[in-house]
Amino acid sequence: MATNSTPTKPVPPTPATPPRGIKLSSQRIAILISVLVALIIAIYLGISPYLEFRQRVLALALTFSSCFLLVYFSYEALIFREINNIYAGLEKFKRKEFKQMSTKFLFRPDPLQRIKDEIYLLAERNQKEIEELKRLQAMRREFLADVSHELKTPIFAAQGFIHTLLDGAMDDERVRDKFLMKAAKSLDGLDTLVQDLITISQLEKGVMQMKKSKFDLNELGREVLEQLEGKAQARNITIHLLNAPEEVFRVIGDRGRIKQVLVNLIDNAIKYGSENGNIWLSFQDGKKKTLVTVQDDGPGIPKEHHNRIFERFYRIDKSRTRDVSGGGSGLGLAISKHIVEAHKSTIAVFSEVGQGTTLRFKLTRVKD
């Protein structure tokens with residue numbers, strides 16, 4: 001009688017496990033070195049009675065050399081090699097190269113001191129990066145709070161005027177025109193703020209290119225004074241151009257952007273200067289650069305604020321609102337700083353409380 005039997009599948013042979021590398025602990029290394037040194041000494045002691053004096057000296061020298069080389073290369077191969085590999089890894093880490101570690105640091109003296117110094121240097125650099133990240137994070141939080149406040153003010157103002165009209169004031173022609181003008185003014189301010197945010201973002205990223213050409217600073221200064229004359233008269237402030245009309249100061253730069261810088265600096269002096277005060281604009285040629293100076297006799301800026309007045313939305317007096325300061329976006333000085341830096345220069349601040357403020361920057365002079 002035939003029986004149905006299920007054929008059994010052949011079991012594949014178990015692959016041979018590859019031999020693992022021999023891991024030597026520090027104890028085993030010490031024992032191995034001791035055994036080898038003892039063996040060398042034992043051989044010397046065993047053969048020395050049968051040797052002459054000179055042969056004994058030679059055998060002793062060979063024994064000493066063998067022991068020295070054994071200990072030295074054991075340390076070099078098993079300890080210093082690993083330390084130098086760690087040091088090579090630190091070098092790769094500093095250069096942000098995470099490839100296979102190099103062995104070019106083998107057989108160099110004093111690896112322990114070197115690796116200690118590198119670890120301290122790396123720790124110091126990382127600490128500075130952490131502090132910089134914390135500072136940038138605080139600036140980002142402050143910027144988000146400031147921009148939220150700046151956007152909220154014109155939006156809420158326009159929203160209030162429009163809702164008032166919708167609630168019944170539309171029928172009164174006088175009130176309607178007044179509220180529509182106020183809403184339009186708030187929205188114009190909002191548009192200015194957004195445009196300034198776009199401008200400063202492009203300047204910081206380096207996207208905006210300066211269209212440099214040759215132009216006369218004295219002529220540009222007269223244009224700026226004519227543009228801001230009405231705003232200055234509203235606060236009884238007199239703007240003086242110290243250079244004579246016939247003087248010429250030829251420079252290389254983006255004329256439109258430099259005009260924006262002068263407008264921002266003088267407009268800021270008008271806003272925060274003293275009523276019935278003065279503002280002076282002047283130009284002075286040097287060997288390679290032309291110095292531009294905007295000076296006022298206002299209340300001045302405390303020294304602790306000198307480095308921060310070019311930050312976005314920064315105000316020395318936090319109680320001032322945008323309306324009190326003249327309706328600006330709060331980005332004028334920040335934009336001016338980036339424009340001047342794009343012209344390979346910086347704006348220097350000289351100011352003391354009660355003694356006015358002086359702002360200076362330089363532009364490349366056109367060679368005669």
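Here, residue 1 is the first one in the sequence, and each next residue gets the next number.
- Looking only at distances, no side-chain donor or acceptor of D297 sits under 3.5 Å from a matching main-chain atom of G356.
- Looking at D296, its side chain never comes within 3.5 Å of a backbone N or O of I279 through a donor-acceptor pair.
- Side chain to side chain, H240 and N278 meet the donor-acceptor criterion of an N or O pair below 3.5 Å.
- S282 has its side chain within reach of N243: a pair of non-hydrogen atoms, C-beta onward, lies under 4.5 Å apart.
- Listed for the S186 side chain is a donor-acceptor partner under 3.5 Å among the backbone atoms of K182.
- Note on I252: it does not cluster hydrophobically with M210, by side-chain heavy-atom contacts below 4.5 Å among ILVMFWY residues.
- In this structure, E124 contributes its side chain and L121 its backbone to no donor-acceptor pair below 3.5 Å.
- Geometric assessment of R365 against the ring of F249 yields a negative cation-pi assignment under the 6.0 Å and 45° thresholds.
- Under the 3.5 Å distance criterion, the side-chain polar atoms of H343 are matched with a main-chain donor or acceptor of D254.
- Other residues, nucleotides and ligands contribute over 12 non-hydrogen atoms within 6.0 Å of the CD atom of E132.
- Salt-bridge formation is not detected for the pair K134/E129: no Lys NZ or Arg NE/NH1/NH2 atom is positioned less than 4.0 Å from an Asp or Glu carboxylate oxygen.
- For the 3.5 Å distance criterion, the side chains of T364 and K289 qualify, holding a donor opposite an acceptor.
- Between E131 and R135 there is no salt bridge, since no side-chain N of the basic residue sits under 4.0 Å from a carboxylate O of the acidic one.
- Between atom CD1 of residue I239 and atom CD of residue E226 there is a gap of 11.0 Å, rounded to the nearest 0.5 Å.
- The closest donor-acceptor contact from the side chain of S345 to the backbone of K362 lies under 3.5 Å.
- There is no path of hydrophobic side-chain contacts, each under 4.5 Å, that joins L220 to L291.
- Once rounded to the nearest 0.5 Å, the distance linking CD of Q227 with CD1 of I266 reads 9.5 Å.
- Using modelled atom types, one side-chain atom of S65 and one backbone atom of A61 make a donor-acceptor pair closer than 3.5 Å.
- The closest side-chain heavy-atom distance from T358 to T293 is below 4.5 Å.
- Looking at L217, L262, L242 one by one, the single match for side chain to side chain contact (heavy atoms under 4.5 Å, CB included) with L281 turns out to be L262.
- Here the straight-line distance linking atom CD of E223 with atom CG of L225 works out to 11.0 Å at 0.5 Å rounding.
- Separating the CZ atom in F310 from the CD atom in E341 is a distance of 9.5 Å, to the nearest 0.5 Å.
- Using modelled atom types, one side-chain atom of N264 and one backbone atom of Q260 make a donor-acceptor pair closer than 3.5 Å.
- The distance from the CG atom of L228 to the CD1 atom of I237 is 11.0 Å, given to the nearest 0.5 Å.
- Counting only distance, with no hydrogens or angles, the side chain of R235 and the backbone of S274 share no donor-acceptor pair below 3.5 Å.
- Summarising the geometry, atom CZ belonging to F156 is positioned 10.5 Å from atom NE2 belonging to H163; distances are rounded to the nearest 0.5 Å.
- Remark: the backbone N or O of A244 is paired with a side-chain donor or acceptor of E247 at under 3.5 angstrom.
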